[in-house]
Amino acid sequence: LLADQAEKEIDDETTFIRRGENDCRHKLHKNSDRCVAPETKDVLPDASSIFVISTFCTECHYYFDIHVDYRGWKEGQTPCKLSDKENLLHHFQLVDTIYAKDQPSRLSTPKSKYNPIIEEHHFCCSQPNCPIRVQINISAPRLKINLLAPILDSFKVRARGLKQIQQEPNRFEGLEPVSPFQALGFLRQYVSDAKNAHNLDSSPRKIAKRNKKFALSFGSECEELFEYLEFQTIIEDSNGEVS
Ligand SMILES: [Zn+2]
Ligand SMILES: [Zn+2]
C-alpha cells in the first residue's frame, strides 16, 4: 500500500528512493491485544465485518493501525477472493488522506492525548464491485521523549537509586538501583492497573510514593510524567485519612 505515488526506480536493482535520509525504515510489530482478526482463515467477510491489524514500529515508536472494513457492502457487491479467477486479489487505490494538523475535524476519531493520531489514509479496491475499504491510521508515540527522559537515561536512574539507598541505608538494605528497563516495566504495570480499574469502574489502586520500588525508579523527578498520565497526588495521614 502506498499513500503517494511510488518512487521511481533508480537503478537496475529496483531500489527505491526514500523521502529523506533520516526517515525511519519502520520495523513493525503486531500488537495482538489490539487486533481484531477473523477466527480462522476460512471465515468469509460479510457486511458487518471489520478487522484491525494494530502495529507499532520498534525504531520510531509510531503506531500503524490498519482497518479493513466491509460495512459499506451494498447489495450485489462481491469482494475479491482467491476462488474468483478474475478478481483474485484486491488492488488498492488511495482515495483520501487526512493530516490531523491541517483538517482535524475530518478525522474519524478526534485527536487527543490518548489518540495522538497524525495521519489517516483511506483506500478502496479498483474492482468497482468490491466493497472493501482500508484505512491506515498513523499515530505518534503516546509519551513524548522529554517525559520519559528521567527513566530512559540509565545514568539518571542509577544516580536516583544510589541517592535513595544512601539516604536510608537500613530501609533499602540489600537493594540495588533499578535499570531503565525495570522502571519502564513498573510504569507499564501502574498504567495497566489504573486502566483495568477504570474499565471495571472501581477505584484505582494507590501507589505510595514511599514504596521502595517507586522511590528507586521514579522518586520526585517523574512527577510531570505521572501528572500527564492523570495520576493524582493525595496526602494521607497514618490512619489512611485523606487531607
Ligand atoms: Zn519507524
Ligand atoms: Zn477487491
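None of these values were measured; they are calculated from a predicted model. In listed order, ligands and their atoms are each counted from 1. The figures here come from the full heavy-atom set of this structure, side chains too, leaving out hydrogens, waters and symmetry mates.
Side-chain contact between K209 and T233: present, with at least one pair of heavy atoms (C-beta onward) separated by less than 4.5 Å. The shortest side-chain heavy-atom distance between P177 and R160 does not fall under the 4.5 Å cut-off. For the pair Q189/V191, no side-chain contact is recorded, criterion being any heavy-atom separation below 4.5 Å from C-beta on.
Of the angles at the Zn ion (ligand 2), the one spanning SG of C80 and SG of C125 is 110° when given to 10°.
Using a 3.5 Å distance cut-off with no hydrogens or angles, the side chains of Q135 and N137 do pair a donor with an acceptor. There is no side-chain donor-acceptor pair under 3.5 Å between T97 and E120.
Counting just the N/O/S atoms of H26, the one with the shortest distance to the Zn ion (ligand 1) is named ND1. The N, O or S atom of H90 with the smallest distance to the Zn ion (ligand 2) is ND1.
Inclusion of C24 in the first shell of the Zn ion (ligand 1) is supported: an N, O or S atom falls under 2.8 Å. Under 2.8 Å from the Zn ion (ligand 2) lies an N/O/S atom of C130, whether from backbone or side chain.
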